[in-house]
Each structure stands twice: as structure tokens, then as C-alpha cells.
Protein chains: 2
Amino acid sequence: MAERPIGDRRRIPEATVARLPLYYRALLETGEMGITTVSSERLAELAGVNAAKVRKDLSYLGSYGTRGVGYDAEYLLHQIARELGLSQDWPVVIVGAGNLGQALANYRGFGARGFRVVAVLDADPEKLGVEVAGLAVEAFTDLARIIESRKVTIGIIATPGHAAQEVADALVAAGVGSILNFAPTLITVPPEVSMRKVDLATELQILSFYQLRRALLDQPRAAR
Amino acid sequence: MAERPIGDRRRIPEATVARLPLYYRALLETGEMGITTVSSERLAELAGVNAAKVRKDLSYLGSYGTRGVGYDAEYLLHQIARELGLSQDWPVVIVGAGNLGQALANYRGFGARGFRVVAVLDADPEKLGVEVAGLAVEAFTDLARIIESRKVTIGIIATPGHAAQEVADALVAAGVGSILNFAPTLITVPPEVSMRKVDLATELQILSFYQLRRALLDQPRAAR
DNA sequence: CAGACTTTGTGAGTGCGTGCACAAGGTGGA
DNA sequence: TCCACCTTGTGCACGCACTCACAAAGTCTG
Ligand SMILES: NC(=O)c1ccc[n+]([C@@H]2O[C@H](COP(=O)([O-])OP(=O)(O)OC[C@H]3O[C@@H](n4cnc5c(N)ncnc54)[C@H](O)[C@@H]3O)[C@@H](O)[C@H]2O)c1
Ligand SMILES: NC(=O)c1ccc[n+]([C@@H]2O[C@H](COP(=O)([O-])OP(=O)(O)OC[C@H]3O[C@@H](n4cnc5c(N)ncnc54)[C@H](O)[C@@H]3O)[C@@H](O)[C@H]2O)c1
């Protein structure tokens with residue numbers, strides 16, 4: 001049951017990485033219920049996936065289960081946290097103190113894992129100094145200084161779309177390695193920077209696609 | 001160049017459906033610049049994908065391009081809109097008038113396409129009547145009535161996680177066919193209902209995974 | 001009108017992710 | 001100690017999606 005070192009092991013598929021947070025959350029919840037051992041079957045149910053997938057996913061982390069018994073919940077939790085880097089502290093900046101930026105700054109779910117909002121920035125002078133979630137909004141022009149001095153690794157873009165690329169460039173130039181983009185715009189970053197996007201409009205349009213399909217199946221004559 | 005009817009045609013892959021909104025947005029932007037014809041190469045650049053993928057994606061909608069020329073931007077826009085159901089009006093309810101719910105309600109990007117927030121609901125009596133984005137917050141207990149009378153087809157869940165399943169059940173029971181869930185919880189819905197989730201914590205954890213990997217590559221001795 | 005040129009539409013090969021099914025391995029009871 | 005039972009870990013087959021590469025089909029020029 002030795003811990004494998006992180007890094008030098010067979011590559012973890014992207015799809016698996018995306019599911020690890022689900023398992024992590026599920027384990028946290030069972031942990032609160034005093035459960036000590038969990039089977040792949042149970043974990044699958046909690047995470048809403050297939051049991052074989054759970055086992056295969058976890059096997060990428062190492063052999064942390066016991067045949068005939070299952071996985072030790074706490075130990076597995078620890079391993080997943082270690083793999084995802086949740087045992088570390090990740091300082092985050094939010095750029096754009098509008099509707100969304102403020103909501104994000106106030107979001108409690110952040111601190112739970114190691115993510116900590118250390119600054120909220122805005123380019124609008126009117127917003128400067130406004131208090132958001134216990135932080136005073138700072139000037140976008142101070143980005144580089146703030147990122148360096150507070151060792152920020154993750155940047156969240158919550159500005160209008162037309163400013164997103166500019167903000168992304170500034171974040172990258174300042175040394176941020178990961179960007180989460182909420183603006184509905186394509187932004188490009190160098191390959192060594194991770195970028196993910198959350199796109200509300202796209203999500204809704206995907207939903208309406210399938211909604212339309214169903215409507216057409218029910219009454220094929222309604223729309224053309 | 002006849003329009004194919006929607007519905008009875010070869011199935012559109014899910015991955016393609018997820019990209020159609022990108023093309024749509026890209027076309028909207030070129031449209032503003034007075035461009036009339038667009039090549040798959042150009043569209044690919046705008047959407048940040050591979051040109052062959054663009055052509056294959058668009059070919060699922062029908063043969064709307066002209067060899068040697070490209071695609072008529074306006075016509076293509078129209079076809080994608082039709083396919084995604086954007087030519088229709090989609091009434092939306094937001095359940096949960098907290099930080100996130102209010103930010104979403106205030107989001108302008110909604111109306112642009114056919115999505116229209118017609119109600120914001122909350123279970124907390126304190127929130128009742130509070131004005132959010134020009135709408136008075138209504139009681140969660142009125143959900144069924146509101147959904148039926150306003151022909152709501154899409155529900156957005158912006159409540160705490162512990163209420164999410166209950167809200168989802170209520171939405172489904174009231175006849176909503178599509179759900180977008182922002183709560184960090186697994187919710188289950190019947191197969192005939194579409195459900196998508198936006199999970200901030202997961203996104204950050206995926207980012208920190210890769211961030212950690214890179215940090216380890218740079219200085220393998222730092223963490224174990 | 002012919003031929004060069006451009007760009008679409010798609011066949012085919014490849015790789016990744018999924019899920020089945022089962023051997024391997026561990027537990028507990030007799 | 002042996003055996004019945006349980007659950008993991010994984011080999012394997014399948015399917016979806018991505019990309020390349022090219023024939024088909026249209027435009028433009030001389
Ligand atoms: N509000 C939502 O629920 C929601 C949902 C999904 C996506 N979005 C997207 O998120 C982004 C923000 O939305 P919002 O509703 O908060 O908009 P908003 O207009 O309320 O806020 C944008 C903020 O960004 C600031 N800003 C503009 N340019 C900047 C720059 N160069 N550097 C730093 N700050 C700058 C503005 O001063 C403003 O405070 C938009 O791109 C929007 O499309 C919003
Ligand atoms: N704030 C963010 O930026 C953010 C980001 C990502 C995800 N989320 C998630 O979105 C959800 C909402 O976040 P928030 O920050 O707005 O929380 P919040 O506490 O500010 O708002 C939640 C609202 O839901 C209402 N509510 C509770 N139970 C309800 C029920 N059964 N029916 C109707 N309404 C009910 C509450 O009265 C409250 O007004 C949470 O699950 C959170 O994890 C929030």
C-alpha cells in the first residue's frame with residue numbers, strides 16, 4: 001500500500017482527471033457519515049458513473065483498494081487530494097468585479113478546497129476600493145505586481161468578452177499558469193498555460209437543441 | 001441548396017452539437033463586419049478548432065457550402081440557429097436568488113439568443129418580492145403554476161447543493177424538459193429530461209491538477 | 001471554352017474512452 | 001487449513017470522435 005510518487009507514472013487520461021473531483025466530493029460526503037470503506041459500486045452510484053470506470057480511474061492512481069473489501073475512504077480521499085493538488089494552497093485572482101465576478105468572489109465553495117481568492121481586480125476606476133467578499137477591488141494595472149507578490153497561479157476572467165484576450169495576455173505575462181474563462185469569447189494562450197472555459201450561452205444552446213428535438217418527435221408537424 | 005427538415009436526418013454527434021454554438025457566435029461576429037462568405041478555414045480559426053472538423057460538423061446540417069467559395073455567412077447562421085432552436089423563444093426560470101442566481105438573472109448574454117428569464121424563485125420568505133433584474137422574486141411553492149402558465153422549458157438551479165435534487169424533481173414534475181445545474185451535487189433526472197451541469201469546483205480542480213504536474217516537472221524534488 | 005485554382009464534402013485510418021467480463025487476490029467462516 | 005465469497009484490477013472489444021488526404025465540384029481567368 002505504498003504511495004506512488006506523483007508525476008512519474010503512467011499518464012492519467014483527461015477524462016479520468018475530470019472525474020476525480022466527483023469521487024473526491026462523493027468521498028467527502030460519505031466521510032461525514034462515518035463510512036470507512038467504500039466499494040467501487042457504491043462510489044459509482046454516488047458519482048453517477050459506471051463502477052468499472054471508477055475502478056479503472058482509481059487504478060491510474062495506484063492500487064489503493066483491497067480486493068473483497070473495497071477502498072479505505074479516508075486513504076483514498078487523501079490520495080485523490082494529493083493527485084489533484086488539493087493539499088496545497090492555490091491563490092486565485094478574479095479579474096472583473098461585475099455581476100459574475102462578485103458572485104464568484106462571494107462563493108463559499110472556494111475555500112473548502114485549497115482555492116483562495118486573494119484579489120479582485122477591475123479596470124473601472126469607479127469600482128476601485130469597493131469591498132467584495134472582504135477584499136477591496138484593486139486596479140487592473142496592478143495585476144503583475146499582485147500576481148507576483150501573492151504567488152497567484154490561477155486567474156479567473158469575468159470581464160466582458162472584448163476584454164478577455166487582453167486580460168488573458170496580462171495574466172500569462174504575469175506568470176499565471178491556469179486560466180478559467182467565463183467570458184463568451186475564444187481566447188488563446190501559450191501551450192504551457194492551461195485554459196478552461198465556462199460558457200453559459202453554449203450550455204443553454206445545447207439544451208435547446210435537444211429540447212427542440214424532443215418537441216419535434218412529439219409533434220413532427222409543428223415546426224418545419 | 002434546399003433546407004433539410006430538422007429531425008429526420010442522420011444523427012448529429014454530441015460533440016458537434018457542442019461546437020455549433022461556437023460557430024454561431026463566430027458567424028455573428030463576422031456578420032457584424034459585413035463579411036458575406038466564410039471558408040471553413042476562417043471559421044475554424046475564429047472558433048479555435050480544426051478546419052476539417054468544421055466541414056464535417058457543418059456537413060451534418062446539410063450541404064450548405066459552395067466548393068471553391070465557402071459558406072454564405074448569413075445563410076449558415078440561419079441554418080445553425082434553426083438547428084439549435086435559436087429562432088424560437090425559450091422561457092427560462094432561475095431557482096435560487098442568491099449570489100449566483102442574481103448574477104445570472106442580470107446577465108445580458110441571455111436575451112441575445114432566444115433565452116428569456118421569466119421568473120426568479122426562492123424558498124426564503126425574506127427574498128420574496130425583492131427585485132432582481134426587473135423581476136420580483138417569487139415563491140418556490142409557485143413553481144408548478146409559473147412553469148405551466150409561462151410555458152417554461154428550461155430550468156436553472158442556483159440553490160445550495162442540498163436543495164438541488166428537490167428543486168430538480170419539482171422542475172421535472174412541473175414539465176420542464178431541460179435543466180442547467182450550478183449546484184455542486186449529483187442530481188438525477190428521468191432520461192427524457194436533458195441535464196447539464198456547470199461545476200466551478202471541478203473546473204478549478206482540473207486546473208490545479210495540471211498546474212501541479214507542471215510544477216513537478218520544473219522541480220521534481222519539491223513535492224514528493 | 002479550357003484549364004488552373006480554390007474549397008467543400010467525405011472515406012479511411014487512428015486513438016481515446018467506455019464497459020464487459022473475468023482472473024487475481026484478499027477475507028472470513030468452518 | 002481449506003473453501004466459499006466478495007471486490008478489485010485489467011485485458012479486450014467496441015464505438016465515437018478527430019484528422020488526414022483527396023476526389024468532387026464549383027469559380028475565375030485568359
Ligand atoms: N453574469 C452572469 O451570470 C454571467 C454568466 C455567464 C457568463 N458571463 C460572462 O462573464 C463576464 C462578466 O459578466 P458580468 O455580468 O459580471 O458583466 P459586468 O459588466 O457586470 O462586469 C464586467 C466587469 O469587468 C470590468 N472590466 C471591463 N474591462 C476590464 C478589463 N480590461 N480589466 C479588468 N476589468 C474589466 C468592468 O469594469 C466590469 O466591472 C461577461 O463576459 C459575461 O458574458 C456572465
Ligand atoms: N456564487 C458562485 O459564484 C457560485 C459559483 C459556482 C457554483 N455555485 C453554486 O450555486 C449555488 C448557489 O450559490 P450562491 O452563492 O448563489 O448561494 P446563496 O446561498 O447566495 O443562494 C442560494 C439561494 O437559494 C435559496 N434556496 C435554498 N433552498 C431553496 C429551495 N429549496 N428552493 C428555492 N430556493 C432555495 C436560498 O434562499 C438562497 O437565496 C450553490 O450550490 C453554489 O455551490 C455558486
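Residue numbering restarts at 1 for every chain, and letters A, B, ... go by the order of the sequence lines. Fair warning: this is a prediction, and the values are worked out from it, not measured in the lab.
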Sugar-phosphate, base or nothing in reach of A:Glu14, heavy atoms under 4.0 Å: sugar-phosphate

Any donor-acceptor N or O pair under 3.5 Å, side chains A:Ser208, B:Arg113: no

Under 3.5 Å side-chain donor-acceptor pair for A:Asp169 and A:Gln165: yes

Whole-Å gap separating C1' (C:dG9) and CG (B:Leu58): 11 Å

A:Tyr71 vs C:dG26: side-chain N/O to OP1/OP2 distance below 4.0 Å: no

Carboxylate-amine/guanidinium contact A:Glu83 B:Arg213, below 4.0 Å: yes

Heteroatom pairs (N/O) under 3.5 angstrom, protein to nucleotides 28-30 of chain C:
none

Short side-chain N/O contact to D:dT7 OP1/OP2 from A:Ser39, under 4.0 Å: no

Test item: B:Leu186 and A:Leu46 side chains (from C-beta on) under 4.5 Å apart, heavy atoms: no

Per-nucleotide protein contact string for nucleotides 18-28 of chain D, where B marks a base within reach and S marks sugar-phosphate only (heavy atoms under 4.0 Å, - for neither): SBBB--BBSS-

Under 3.5 Å between N/O atoms: give me all the protein pairs with nucleotides 13-15 of chain D, atom names plus distance.
none

B:Glu41 CD to C:dT8 P, straight-line distance once rounded to whole Å: 8 Å

Distance-only side-chain donor-acceptor flag, B:Gln211 / A:Ser178, under 3.5 Å: yes

Heavy-atom pair of closest approach, residues A:Ile35 and A:Ala73: O-CB, 3.9 Å

Rounded interatomic separation in angstrom, taking OH from A:Tyr64 and C1' from C:dG26: 19 Å

A:Val172 vs A:Pro190 side-chain heavy atoms within contact, under 4.5 Å: yes

B:Arg42 side chain to B:Thr30 side chain, donor-acceptor N/O pair below 3.5 angstrom: no

Taking every non-hydrogen atom, the tightest pair across A:Gly161 and A:Ala183: CA-CB, 3.9 Å

Residue pair B:Ala119 / B:Arg150: nearest heavy atoms and the distance that separates them: CB-NH1, 3.4 Å

Other residues, nucleotides, ligands: >12 heavy atoms within 6.0 Å of A:Glu203 CD: yes

